[in-house]
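The sequence lines fix the lettering, A, B, ..., with proteins before strands; numbering per chain opens at 1. Since we're looking at a predicted model, the values are computed, not measured.
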Amino acid sequence: MTGVSVRVRFSPAPTGYLHVGGARSALFNWLYARHTDGTFILRIEDTDTDRSADHLVDAIYDSMRWLGMDWDEEIRQSDRFDQYRSFANDLLAQGKAYRCDCTRDAIDARNQAGGRKTDAGYDGFCRDRNVAEGEGVVVRFRTPDEGVTGWDDVIRGRVEFDNAVLEDFIIVRSNGVPMFHVANAYDDATMGITHVIRGEDLVNTTPRVLLLRQALGYPDPPVYAHLPLIVNEKRQKLSKRRDDVAVGDYRAKGFLPEAMRNYLVTLGWGPRQGDEIAPIETFIEQFELSDINNSPAFFDIKKLEHFNGEYIRALTAERFIQEASNVLPSSVPAYIFQLFAPNVQERLVTISANPIHDLLGWITGPPAEPDVKDWKKVMNKPNVPAVLDLVAERLGSVEWNAEAIEACVFGVGTELGAKTQLPVRMAVSGARTGIPLFEPMAQMNRDEVIRRIKAARSRLDSDDDGPA
RNA sequence: GCCCCGUUCGUCUAGCGGCCUAGGACGCUGGCUUCUCAUGCCAGUAGCACGGGUUCAAAUCCCGUACGGGGUGCCA
């Protein structure tokens, strides 16, 4: 920050779709880069060749773009295996690393025999054995036996590990592919990364990277900022298996990217003053790493929905129609949707087919099958049969427009001293709630409206318990 | 087990030693507006995990306890 331009990176492993935790990490890196006029780099960490897949890289691109996060540079670690290998060979040549042919079973057995826990980690058995290259042989980094490795975390303060508890970890797999630590240390150093902003689940790997970096000859580490985790209702780290967290899923469910992005910003960080729903430019301006808090945040879908509703209502009419048109249910003709779009826009939590169908499907399609409780609540009133009878009759001769229909329905109400809008709504739409009634009614065929009212009326006669 | 981290309303957060009888937001409850619902507006609800210090003064600093989480792979 002092003169040197900020360079940050988001480094996803393409072993699954981008999930909200990753998206939040990406977002904080992006915000910081934009805040400082720095460089935001996308680094695909695909050193695990068995689990990485190209289509998953594409999915990450998609989700990043959808959320409006543009990157300035990109590298893919699988393109740099040679560099990592030569780095590892240097360490080997300098005696800072060594080959090891121990199997997991052999290590466990020695730990057990030595009175240590079986999961105590590697015991350094091969340090001086001069193991030759061969089948099943890995390269391990020789960690110091004494001293501490630590750093000043922007979010967490001083974090230190005793080197004695750090085992000699593997830096090159037996198949010759370097481990992510190596790539991580090498890339951060050679790419001139100034700030590492990532999830707290990575703190334990930091001392390894720091040690590797020193061995590489890059003594000045970047600034680390370990983000609090995003957790589920059980306060556990969000998991791709257990929790529904893929960014693409939220997109498919009808969440707006602006809403998602805005909500993600509030997880672990908040504007010191001002509204928590604000244009991203506001957040870019205010964002500081030191303001990120350090306790886990629950991913609250209810609050996300609220944000989404706010963003939907803030959409221009044109954009709302455009977004919704992509998901219109077959029960809703485009002209009906266009006519009532403002009424729909105000009522949606997500832009998706089902709620739109519920709001508009009955106008050109059949009415909904009423909810029993709602039906009783509205229809089991003394005056309802009379109301329905009279409205059905009067509607036969009224001028067919919204104003006249409204006057007719309320006129009957005044005459009979009863509420008329709700029973008519129930009869015509099949629901107790919905958009204003009379405009849609005017769009319908007069005979159909009357037929529905009469049907409801006879339903009242045939059973006292309402709809089956 | 070992290592690391965390703990402000149910939830997300503000708070950086006095402005805190702890502020905002979501949720929930009630009211107003209204052709129902929704929107909008108003009001209410509820929190500094616990125990010791330090200080004239602590939600804020230190120590401990409890509880929670993360890591502990030839995954990242």
Side-chain angles (χ1 to χ4, degrees), chain A residues 11-16 22 45-48 50-52 77 100 103-104 116-121 136-140 153 155-157 159-162 164-167 169-181 183-184 198-207 226 228-229 231 233-237 263 266-277 290-291 293-307 309-310 313 343-349 359 374 378 405-406 409-410 413 419-426 429 431-438:
Chain A
S11 20
T15 55
E45 302 215 340
D46 52 355
T47 53
D48 184 351
D50 292 342
R51 299 204 307 157
S52 299
Q77 291 188 330
C100 166
T103 61
R104 189 70 239 173
R116 295 180 293 272
K117 292 287 171 194
T118 42
D119 57 359
V137 173
V138 299
V139 178
R140 289 182 184 271
D153 199 284
I155 297 170
R156 264 144 241 290
V159 181
E160 286 184 338
F161 288 77
D162 278 332
V165 306
L166 267 22
E167 66 173 331
F169 54 92
I170 294 173
I171 58 176
V172 182
R173 301 169 169 90
S174 56
N175 67 2
V177 178
M179 294 282 291
F180 80 97
H181 304 107
N184 200 291
R198 30 123 83 144
E200 195 197 351
D201 50 341
L202 272 335
V203 281
N204 294 278
T205 72
T206 305
H226 284 98
L229 262 17
V231 298
E233 62 287 340
K234 282 148 77 182
R235 306 239 117 226
Q236 293 166 325
K237 176 171 87 155
Y263 176 65
T266 68
L267 261 27
W269 182 82
R272 285 205 181 187
Q273 78 282 88
D275 211 325
E276 62 185 353
I277 293 181
S290 55
D291 289 338
N293 68 227
N294 50 13
S295 44
F298 171 59
F299 188 80
D300 187 356
I301 191 82
K302 275 278 204 298
K303 192 158 180 175
L304 205 212
E305 286 175 345
H306 173 260
F307 275 43
E310 294 270 337
R313 274 170 250 128
N343 290 314
V344 175
Q345 182 169 5
E346 193 178 48
R347 268 158 265 253
L348 287 188
V349 167
L359 253 14
D374 285 347
V378 174
I405 295 169
E406 174 172 356
V409 171
F410 285 118
K419 298 279 187 193
T420 51
Q421 188 265 150
L422 233 27
V424 172
R425 173 184 290 279
M426 189 54 111
S429 77
R432 192 170 62 87
T433 64
I435 66 171
L437 226 210
F438 307 115

**Request:** Determine the minimum heavy-atom distance between A:Leu202 and A:Arg198, stating which atoms define it.
**Result:** CB-NE, 3.5 Å
**Message:** If the cut-off is 4.0 Å, is A:Arg173 near the phosphate of B:C75, judged by side-chain N/O to OP1 or OP2?
**Reply:** yes
**Prompt:** For the pair made of CZ in A:Arg104 and P in B:C75, what is the distance, rounded to whole Å?
**Reply:** 12 Å
**Asked** Roughly how far apart, to the nearest Å, are B:C28 and B:C9 at atom C1'?
**Response** 12 Å
**Message:** Of the listed nucleotides (B:A76, B:C74, B:C75), which one gets closest to any side-chain atom of A:Arg51?
**Reply:** B:C75
**Request:** Please check if the side chain of A:Asp162 supplies one atom and the backbone of A:Ala164 the other of a donor-acceptor pair under 3.5 Å.
**Result:** no
**Prompt:** What closest approach, in Å, do A:Leu166 and A:Phe161 show between heavy atoms, and which atom pair accounts for it?
**Reply:** CD1-CB, 4.3 Å
**Reading 5' to 3' through nucleotides 26-44 of chain B, protein heavy-atom contacts under 4.0 Å coded B for base, S for sugar-phosphate only, - for none** = S--------BBBBSS----
**Item:** Partner nucleotide, any strand, of B:U7 [Watson-Crick/G-U, under 3.5 Å]
**Value:** B:A66
**Request:** Just name whichever nucleotide pairs with B:U34, Watson-Crick or G-U, keeping both distances under 3.5 Å, else none.
**Result:** none
**Request:** Using a heavy-atom cut-off of under 4.0 Å over every strand shown, decide if A:Thr47 touches base, sugar-phosphate, or nothing.
**Result:** sugar-phosphate
**Request:** Take A:Pro228 and A:Asp48, find for each the nucleotide of RNA chain B with the closest heavy atom, and name the residue whose nucleotide sits nearer the 5' end.
**Result:** A:Pro228
**Asked** Just checking A:Glu160: base, sugar-phosphate only, or nothing, at a heavy-atom cut-off of under 4.0 Å?
**Response** sugar-phosphate
**Message:** For the C1' atoms, the ones on B:A59 and on B:C19, what distance do you get once it is rounded to whole angstrom?
**Reply:** 15 Å
**Prompt:** B:A76 P sits how many Å from A:Leu202 CG, rounded?
**Reply:** 11 Å
**Request:** Flag the pair A:Asp48 / A:Phe180 as yes when at least one side-chain heavy-atom distance between them is below 4.5 Å, and no otherwise.
**Result:** no
**Message:** Does A:Met426 reach a base, just sugar-phosphate, or nothing at all? Heavy atoms under 4.0 Å.
**Reply:** nothing
**Message:** Under 4.0 Å, heavy atoms only, any strand: does A:Gly268 hit a base, just the sugar-phosphate, or nothing?
**Reply:** sugar-phosphate
**Message:** Taking the P atom in each of B:U8 and B:G69, what is the distance between them to the nearest angstrom?
**Reply:** 15 Å
**Asked** Which part of the nucleic acid does A:Val159 contact within heavy-atom distance under 4.0 Å: base, sugar-phosphate only, or nothing?
**Response** sugar-phosphate
**Prompt:** Quick one: the side chain of A:Asn204 and the base of B:G70, do they pair up donor-acceptor inside 3.5 Å?
**Reply:** yes
**Separation of the C1' atoms in B:U11 and B:U45, to the nearest angstrom** = 14 Å
**Between C1' of B:C67 and NZ of A:Lys234, the distance in whole Å** = 18 Å
**Message:** Looking at A:Arg425 and A:Ala431, would you say the former's side chain and the latter's main chain have a donor-acceptor pair under 3.5 Å?
**Reply:** no
**Request:** Please tell me which of the listed nucleotides, B:U11, B:G71, B:U8, lies nearest to the side chain of A:Ser295?
**Result:** B:U8
**Asked** Within the structure shown, what part of the strands sits under 4.0 Å from A:Asp162 by heavy-atom distance: base, sugar-phosphate, or nothing?
**Response** nothing
**Prompt:** Base, sugar-phosphate, or nothing: which does A:Ser174 touch, judged by heavy atoms less than 4.0 Å apart?
**Reply:** base
**Fill in**
Separation of B:U13 atom P from A:Ile277 atom CD1, nearest Å, is 15 Å
**Prompt:** Which part of the nucleic acid, if any, lies within reach of A:Asp46 when heavy atoms closer than 4.0 Å are counted: base, sugar-phosphate only, or nothing?
**Reply:** nothing
**Message:** In this structure, how many angstroms lie between the C1' atom of B:G69 and the CZ atom of A:Arg156, rounded?
**Reply:** 11 Å
**Prompt:** Taking the C1' atom of each, how far is B:C42 from B:U34, in whole Å?
**Reply:** 16 Å
**Message:** If you define the side chain from C-beta out and look only at heavy atoms, does anything of A:Met179 sit under 4.5 Å from A:Thr47?
**Reply:** no
**Prompt:** To the nearest angstrom, how far is A:Asn294 atom CG from B:U13 atom P?
**Reply:** 10 Å
**Message:** Does A:Phe180 reach a base, just sugar-phosphate, or nothing at all? Heavy atoms under 4.0 Å.
**Reply:** base
**Request:** Would you mind pulling out the nucleotide paired to B:A43, Watson-Crick or G-U wobble, both distances under 3.5 Å?
**Result:** B:U29
**Message:** Could you tell me the Watson-Crick or G-U partner of B:C20, where both distances fall under 3.5 Å? Say none if there is no partner.
**Reply:** none
**Request:** Specify the residue among A:His181 and A:Phe299 whose closest nucleotide of RNA chain B lies further upstream toward the 5′ end.
**Result:** A:Phe299
**Message:** Would you say A:Asn293 places a side-chain N or O within less than 4.0 Å of OP1 or OP2 belonging to B:U13?
**Reply:** yes
**Request:** State, to 0.1 Å, how close A:Asn184 and A:Gln77 come at their nearest heavy-atom pair, and which atoms those are.
**Result:** N-NE2, 4.1 Å
**Fill in**
All heavy atoms of A:Ser295 vs all of A:Pro228, minimum pair found to be O-CB, 3.3 Å
**Item:** Gap in Å between the two P atoms, one belonging to B:U13 and one to B:U21, rounded
**Value:** 25 Å
**Complete:** Closest to the side chain of A:Lys237, out of B:C5, B:G71, B:C75, is B:G71
**Message:** I'd like to check the ring pair (Phe, Tyr, Trp, His ring centres under 6.0 Å) partners of A:Phe410; sequence neighbours left out, ordered by chain and number.
**Reply:** A:Phe438
**Span that lies between the C1' atom of B:U65 and that of B:U7, in whole angstrom** = 13 Å
**Message:** Looking at B:U60, which nucleotide sits across from it as a Watson-Crick or G-U wobble partner, both distances under 3.5 angstrom, or is there none?
**Reply:** none
**Asked** Can you find a side chain N or O atom of A:Arg140 that sits less than 4.0 Å from OP1 or OP2 on B:G73?
**Response** no
**Asked** Rounded to the Å, how far apart are A:Glu167 CD and B:U72 P?
**Response** 10 Å
**Request:** For B:A49 and B:C2, measure between their P atoms and round to the nearest Å.
**Result:** 27 Å
**Complete:** Rounded to whole Å, CZ of A:Phe169 lies from P of B:A76 at a distance of 13 Å
**Stepwise salt bridge (charged side-chain N to carboxylate O under 4.0 Å, His left out) test for A:Glu200 and A:Arg156** = CA-CA 10 Å; A:Glu200 195 197 351; A:Arg156 264 144 241 290; 3.6 Å; yes
**Message:** For A:Val138, give me all partners under side-chain contact (heavy atoms from CB on, under 4.5 Å), at least two apart in sequence or on another chain.
**Reply:** A:Cys100, A:Arg140, A:Ile170, A:Ser174
**Asked** What is the pairing partner of B:A76, taking Watson-Crick or G-U wobble pairs with both distances under 3.5 Å in any strand?
**Response** none
